Number of protein chains: 2
Amino acid sequence: MIKVAVLGYGTVGSGVVEVIESNNAEVSAKAGEEMHVGYILDLRDFPGDTYESLVIHDFNVILEDPEVSIVCEVMGGVGAAYQFTKQLLEAGKSVCTSNKELVAKHGAELLEIARDRKCSYMFEASVGGGIPVIRPITKALTAEKIEKITAILNGTTNYILTKMEKEGAGYGETLKKAQELGYAERNPEADVEGLDACRKVAILSSLMMGKNVDSGKIYTEGITKVGTADFDYAKAAGMTIKLLATSQALEDGSVLAMVTPALVPLEHPLSVVNDVYNGVFVRGNMLGDVMFYGRGAGKLPTASAVVSDVIDCARHIGRSSIVCIWDKEEARLADIEESRKRFFVRAKASAKEAAQGLFPGSSFVEAGRTEDIGFITEEMSEKEFTEKSRALGDALLGRIRLA
Amino acid sequence: MIKVAVLGYGTVGSGVVEVIESNNAEVSAKAGEEMHVGYILDLRDFPGDTYESLVIHDFNVILEDPEVSIVCEVMGGVGAAYQFTKQLLEAGKSVCTSNKELVAKHGAELLEIARDRKCSYMFEASVGGGIPVIRPITKALTAEKIEKITAILNGTTNYILTKMEKEGAGYGETLKKAQELGYAERNPEADVEGLDACRKVAILSSLMMGKNVDSGKIYTEGITKVGTADFDYAKAAGMTIKLLATSQALEDGSVLAMVTPALVPLEHPLSVVNDVYNGVFVRGNMLGDVMFYGRGAGKLPTASAVVSDVIDCARHIGRSSIVCIWDKEEARLADIEESRKRFFVRAKASAKEAAQGLFPGSSFVEAGRTEDIGFITEEMSEKEFTEKSRALGDALLGRIRLA
């Protein structure tokens, strides 16, 4: 029998227990052996809970139980979670996690320990919730050089942008509604400022590059400045607005990564990734484009991804199941100022002539608005755009990159 | 060093050689050992080809070379390919294939031999070309009970339907164009009559059920009757038309599978799967919906999928890498006559009153056409629909199921 321990009995933790026990026939058959949860570590007690008897408070019980070979770290954070994970891996126990913060920060180190100790550190649930993303990239696209990743990685912001588009509501009121429905946290900063998406794209970028991509160095811009006027223009131009996380392996060996709102043409498959769904678009040198789509968050989808990792570990007891390459060496991030793209610009109506002079070759978008104008520039570098748009002064009302 | 043999030096076979040799650094790193192509089996000679020296004509050389542990069967067909695969697996050599016909017909048997001989039979490339579909379903969604699969599995028909929609062209002329461009074969029957999609959905259904789903028993209808008038109505109703392969695990243990043209709402992610792309929508009991999207065919994408299987085998030399459950036992197919859905009906304009009487509660679609009418029925069984529509006599011009 395979005895699994679960660290943290919160939303994802209780989901992991539910998936292992409710789908037990499937899970055990795929694992090749009967599997059950042996311990649940939490500081709290859960009187009356079905799995009350499994709850313990002392981590060392798990660490020292030779029967436990696989542990799910679903506590979150980079403090105790880091210490526990390290000790478990050093003891040769595999760890499966949904903790994107920890993976982004210490992934390279923890993978190295796992490899040395012939166990696994798995993190399918850290990106894209229940969508298989990490495993397809590391275990299916193995014959590929991955060149570019373009993704919607945060369900909260995608829900807000979808509602703004469909209902014409403003950012503030949509956020409030999302909070009431539980789709956004009371302190929504990590989501709306793009930090969550940034950590996830750091993980994907590290896997693409085979080197560590520091999330702190990725240019990140949230959705707080996107307004209803922007959606009016986007619609008129046959586009929508998404918070895109992008990462591209450049020919000079550096990686160009960023998280920003972007105009996405309606023909692009990412344009139909709506509400709390996520979509990850991957370009391989042989394969061309593939996309993975599904629920990017939620108790059971995330738990299902954690348990798929547990099954993978169960089939590789005594050896490492890790295929990915993610060295400690820091990847070099490209200067985004030099990167080239087109920009959508919204400006005061009075600035039309100035805009035409500054951005020759732009296409003006007719959205039936009189208070402002909107246009899409030709391709230029970020640096060039910043300089030119500065000349618009306070007539510049907003700008969004094109995907 | 891992020595790989390739059976068949056609489009996919030459792609496999190209992927292994062009992406050799990646491929060898992921395999954990240097990998090269040792033999190419073909009846023909290839004078002047870069890999000319590897071409052999005698299958037994491969079978008897103890250094060859992995073989790619990319010859196609169910004759020699079946005999070779069986002999190789019985000799303990893993086989990776793109041959959907063989997998659909003998998958269960070949998997059993591979398991017994501690080697692998892998077929990622048999469905969805380069899109990771088989591996995500068998190795990532392991914690799930898969409930339903809805998929666009044939690039040729999807290309034709996309062109008909975008350009308003008829079926015949679009097919001709597709043949000129090499997107359709000179004898296009297997594609346009739905047979190719049927084999692929039989494979996916077998993996979903864990039992053998006989492709010969799956109700299959091609796209030859879809016309420009249907697209007029679809567009007016906010939908598009796709050749959908669907498979659903019913509660009574049977499987409801079919391949038919279907109206797909524009909000559905499958509606943006255009041209030669494929999309596979999977519903799991914990996960909800996920979709895999990408190029469903083509030399390099398909070869990339074959090589990802080769790498998987390379990491499991001496043991089987097979996780999926696909028993020889035949799955019971549900009677599609009892299945319920809505239907789009196109009829002569003169039959409007009769239609209203026969199909109360239908919604008429206004597409600006005078020669015929179009309406969408309420949900009913196939049987009920057939009976009612028969009463329309020769006023019935066409019918397409709703997705």
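Every chain is numbered from 1 and lettered A, B, ... according to where its sequence line falls, protein lines coming before strand lines. All values derive from a computational prediction rather than experimental measurement.
Per-residue heavy-atom pair counts under 4.5 Å with chain A were compared for B/Val310, B/Val273, B/Leu287, and the maximum is reached by B/Leu287. Ranked by heavy-atom pairs shorter than 4.5 Å toward chain B, the options A/Gly129, A/Cys324, A/Ala303, A/Pro301 are led by A/Pro301. Of all the listed residues (A/Val282, A/Ile311, A/Val307), the one sharing the greatest number of non-hydrogen pairs under 4.5 Å with chain B is A/Ile311.
The shortest non-hydrogen separation linking B/Pro132 to A/Val290 is CD-CG1, 4.2 Å. A/Pro269 and B/Val272 make their closest contact through CA-CG2, 3.9 Å (heavy atoms, listed as atom of the first residue, atom of the second, distance). A/Val27 approaches B/Ala143 most closely through the heavy-atom pair CG2-CA, 4.1 Å.
With a 4.5 Å cut-off on non-hydrogen atoms, A/Ile322 touches chain B through its backbone but not through its side chain.
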Please tabulate, one pair per line, the donor and acceptor atoms of chain A and chain B that lie under 3.5 Å from each other, or say none if there are none.
residue, atom, partner, partner atom, Å
B/Asn23, OD1, A/Asn285, ND2, 3.0
B/Asn23, ND2, A/Ala143, O, 2.7
B/Asn23, ND2, A/Asn285, OD1, 3.1
B/Ala140, O, A/Ser308, OG, 3.3
B/Ala143, O, A/Asn23, ND2, 2.7
B/Glu144, OE2, A/Ser304, OG, 2.3
B/Asn285, OD1, A/Asn23, ND2, 3.1
B/Asn285, ND2, A/Asn23, OD1, 3.0
B/Met291, N, A/Tyr293, O, 2.7
B/Met291, O, A/Tyr293, N, 2.8
B/Tyr293, N, A/Met291, O, 2.8
B/Tyr293, O, A/Met291, N, 2.7
B/Ser304, OG, A/Glu144, OE2, 2.4
B/Ser308, OG, A/Ala140, O, 3.3
B/Arg315, NH2, A/Ile322, O, 3.0
B/His316, NE2, A/His316, NE2, 3.1
B/Ile322, O, A/Arg315, NH2, 3.0

